[in-house]
Amino acid sequence: MDKLLKYNGVQEALKFLREDDERTLQEHLEMCQIPAPSYEEGEKAEYVRKKMVDAGLSEVHVDEVGNVLGSWKGTGNGPRIMVAGHTDTVFPRETDLTLKKEGERYSCPGIGDDTRAVAELLSLARAMKATGIRGEGDIVFCANVCEEGLGDLRGIKHVFKDMANTEEHYDGFVSIDDKKTSGIIYQAVGSERYLVTFHGTGGHSFTGFGIPNPIHAMGRAIAKISDLQTPKNPKTTFSVGVVNGGTSVNVIAAECSMLVDMRSVDAGELEKLSAKLHQAIEEAVNEENARWGYGTLSSESTGTLDDNNMTAKSSVGDTAGAVPVNADNGNRETPAEDDRIAVTFEQKGRRPAGTQDKSCQIVQAANAANQAIGMETLYIGAASTDANIPISLGIPAITVGWGGKGGGEHTIHEWYEPVESWKGPQRDLLLLLALSGYENIREYQLPRINPKGK
């Protein structure tokens, strides 16, 4: 990095980024007032597309899923690197996005995560255009969709879906997506998320009493899930995050559901936990059916993840032919097979896990870039970010922080302060040039990846 800093072009670009900070903040504040929940990022995408064109990037376009991409061509045959920030936020479209300011602090839902990063992408592009600075390889700027929640990394999954294409492959990936400017995330926390729905026939709480109750079955399942044992290292977690169902206090529900989240940095542990979850739920359903004298259901699983919506379905039991129970059906001395509970699993998300060593080339390049502008690196380690996808594919990838200070992410009280905010893009400029190779400086240059089958 010391060699990089000696080049006039690099110094000019660093100076530009500091002087461009006010414009970056203005665009940042404009974008945070544009609604952009996952799958509804179109308006913000169009804003970014126009800005990328103005910044001088080539091949600017919006792809099939809504990602905005533009390229800054390299000088030679170096690695192809992507730098990304996501356009979606966790907030519904109807959320009040009124911008507020108190002192130097701005507040607005989504102002940090990850709107600041997208603004910094535009500043980086302007700096490269203004100074003419280029690495050896192409640098692709990406404002991607669907990083948050049930967006399930859809944007970056699409980007990396065809690594066998010699023209479209990437040799490295940098995501800007953390409130700690000097932070480096280099391990991928994988996750599986399920919508689990319990189906019954339902009935009156008094006259229909004696049939299996879907909510009771779900309660049994939650109790079993809460007792699952997972390793502390590698850290593996689970949570029932949302429960729904029922119509009235005096009704045996016909249906209820829960959303379940499981995470681990180890793909094997995540697979084991998923199997335990399915077993616990199946046992809970069978126990609820047996409690009321109904037969045991067989387990059945069908479906695979769809590339577009990342949804899979499986089931325990069969709800076909079930006949709703009328509230006036009288007592139920003889169990009816149609009254058994069944359960379906709908996979709402799958994020692959992966690890890289702290000492690997891309991590240490980011560390050196931090130090070059006077920041001490914070090794965050593991998180669930867009970098999950390339890490899981064996492609060098990290997530770093944006410039400034922020907090309250994923709440309506999210805030941002532009304190030395230019340091984020300055670090990213040095990092990208080092990974790409610049003027025969190749200490941190990433190797080109040979796509499979080529």
* **Heavy-atom side-chain proximity of V159 to N144 below 4.5 angstrom** => no
* **side-chain hydrogen bond (donor to acceptor under 3.5 Å, both in side chains) against D261, all qualifying residues, sequence neighbours excluded** => R193, R263
* Structure fact -> The complete set of side chain to side chain donor-acceptor pair (under 3.5 Å) pairs with one or both residues in residues 393-415, sequence neighbours excluded, reads D113-H410, E148-H410, K179-E409, T385-T399
* Asked: Given I281, which of M258, K276, K224, M218 fulfils the side chain to side chain contact (heavy atoms under 4.5 Å, CB included) condition?
  -> M258
* To do: Run the salt-bridge test on D227 and R220 with the 4.0 Å N-O cut-off and return the result as yes or no.
  => no
* **Step-by-step side chain to side chain contact (heavy atoms under 4.5 Å, CB included) determination, L25 to L29** => CA-CA 6 Å; L25 176 62; L29 299 180; 4.0 Å; yes
* To do: Please check if the distance between the ring centroids of Y106 and H28 is under 6.0 Å.
  => no
* To do: Flag the pair R291 and E288 as a salt bridge only when some basic side-chain nitrogen lies within less than 4.0 angstrom of an acidic carboxylate oxygen.
  => no
* Asked: Any side-chain donor-acceptor pair under 3.5 Å between D138 and S71?
  -> no
* V196 vs V343, side chain to side chain contact (heavy atoms under 4.5 Å, CB included): CA-CA, chis, key distance, verdict -> CA-CA 7 Å; V196 184; V343 62; 3.4 Å; yes
* Asked: Between T236 and S264, does any side-chain donor sit less than 3.5 Å from a side-chain acceptor?
  -> yes
* To do: Give the ring-plane orientation class for F160 versus Y170, where under 30° counts as parallel, over 60° as perpendicular and anything between as tilted.
  => tilted
* To do: Please determine, by modelled atom types, if N370 and S182 share a side-chain donor-acceptor pair under 3.5 angstrom.
  => no
* Asked: Is there side-chain contact between I176 and V83, with at least one heavy-atom pair below 4.5 Å?
  -> yes
* Sidechain N-carboxylate O distance under 4.0 Å for K161, E64 -> no
* To do: Please determine, by modelled atom types, if D63 and H61 share a side-chain donor-acceptor pair under 3.5 angstrom.
  => no
* Can a donor-acceptor pair be found between the side chains of N286 and E283 at a distance below 3.5 Å? -> no
* To do: Looking only at non-hydrogen atoms, find the nearest pair between A36 and T87 and report the distance.
  => CB-O, 3.4 Å
* Do you see a donor-acceptor pair shorter than 3.5 Å between the side chains of Q26 and E30? -> yes
